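As structure tokens, the structure follows; a few thoughts come after it.
Note on naming: letters A, B, ... go to the chains in the order of the sequence lines (proteins, then strands), and numbering restarts at 1 for each one. As the structure is a prediction and not an experimental result, all values here were calculated from the model.
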Amino acid sequence: MAYWLMKSEPDVYSIDDLKRDNTELWDGVRNYQARNFLTSMAVGDLAFFYHSNTKPPGIVGLMDVVETQVVDPTQFDSASPYYDPKSSPEQPRWHTVTVGYKETFAPGITLDQMKAAFTPEDLWVVRRGNRLSVMPVADAVAARLLAMARGQDKP
DNA sequence: GCCAACGTTGGC
DNA sequence: GCCAACGTTGGC
């Protein structure tokens with residue numbers, strides 16, 4: 001079982017939206033490195049939900065991978081911002097996963113806290129200029145993140 | 001196949 | 001709103 005970190009802008013899709021929907025197709029990833037991480041996910045993997053482009057940015061919850069190798073339907077939709085004219089249903093370029101809601105961290109783990117606790121080598125999201133929206137998280141790092149979240153859970 | 005221009009991401 | 005980082009595109 002592997003751990004991941006997946007970014008979303010809360011104005012577009014937030015942890016509260018996922019809690020409401022219970023499961024969600026993670027569509028719109030159009031970066032090959034991120035896609036390759038998506039296609040290497042397995043059912044049962046856990047992923048930290050990261051809110052980007054918000055104040056403060058950070059990890060806000062946990063989800064699990066419930067379905068893998070899903071063809072992202074937005075690549076065929078010419079009305080979608082994620083439309084890819086070079087893709088076809090016969091040869092789709094973009095596969096993704098369906099995620100399920102697990103829990104919300106209240107409060108979350110802010111980017112500042114992560115910068116204080118981890119090196120850029122340990123946790124890619126603290127790398128300067130990092131733009132990757134899906135990335136792996138090592139088991140030991142995931143365990144520390146979960147401990148940080150659990151510790152903050154208590155009033 | 002190089003690389004400048006351009007567009008996007010995302011923290012601040 | 002600014003701008004650094006960096007991936008992609010397209011001319012050559």
Side-chain angles (χ1 to χ4, degrees), chain A residues 2-21 24-41 45-65 68-99 101-138 140-142 144-149 151-152:
Chain A
Y3 288 95
W4 307 91
L5 183 148
M6 298 164 77
K7 294 182 186 173
S8 179
E9 300 188 20
D11 289 349
V12 177
Y13 198 80
S14 71
I15 187 76
D16 290 338
D17 294 327
L18 181 59
K19 183 175 185 179
R20 177 198 64 212
D21 298 339
E24 177 72 2
L25 179 71
W26 203 268
D27 60 10
V29 172
R30 292 294 178 269
N31 169 285
Y32 286 103
Q33 193 179 3
R35 183 206 59 182
N36 293 343
F37 287 134
L38 285 170
T39 57
S40 65
M41 290 182 183
D45 283 359
L46 294 174
F48 294 97
F49 195 130
Y50 179 94
H51 278 179
S52 64
N53 253 321
T54 190
K55 289 177 76 170
I59 288 171
V60 292
L62 191 68
M63 50 197 172
D64 61 349
V65 176
T68 59
Q69 314 303 334
V70 185
V71 174
D72 183 343
T74 61
Q75 66 193 303
F76 310 126
D77 177 3
S78 60
S80 167
Y82 306 124
Y83 176 59
D84 184 350
K86 294 173 186 162
S87 190
S88 69
E90 295 75 29
Q91 295 255 310
R93 291 182 152 200
W94 305 104
H95 292 75
T96 186
V97 299
T98 302
V99 294
Y101 176 80
K102 292 286 281 186
E103 66 177 289
T104 301
F105 298 152
I109 309 168
T110 66
L111 180 59
D112 280 347
Q113 289 174 289
M114 286 186 267
K115 283 178 175 172
F118 300 99
T119 65
E121 291 74 30
D122 283 342
L123 185 60
W124 296 3
V125 79
V126 307
R127 289 181 187 180
R128 177 174 166 84
N130 165 66
R131 290 167 50 190
L132 192 62
S133 65
V134 178
M135 64 192 75
V137 177
V141 175
R144 287 181 61 195
L145 286 169
L146 288 170
M148 288 166 76
Q152 290 168 2

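- Residues forming a salt bridge (Lys or Arg N to Asp or Glu O under 4.0 Å) with A:Arg128 (at least two apart in sequence, or on another chain): none.
- A 4.0 Å heavy-atom criterion places the boundary nucleotides of DNA chain B facing chain A at B:dG7 to B:dC12, written 5' to 3'.
- Between A:Phe49 and A:Tyr13, the two ring planes are parallel [angle under 30°; tilted spans 30° to 60°].
- Using a cutoff of 4.0 Å between basic side-chain nitrogens and carboxylate oxygens, A:Arg93 and A:Asp84 are scored as salt-bridged.
- Applying the salt bridge (Lys or Arg N to Asp or Glu O under 4.0 Å) criterion to A:Arg144, with sequence neighbours excluded, gives no partner residue.
- Mapping A:Asn53 and A:Gly129 onto DNA chain C by nearest heavy atom places A:Asn53 closer to the 5' end of the strand.
- A:Lys7 comes within contact range of the sugar-phosphate backbone alone, with a heavy-atom separation under 4.0 Å but no base atom that close.
- No side-chain donor-acceptor contact under 3.5 Å links A:Ser88 and A:Gln91.
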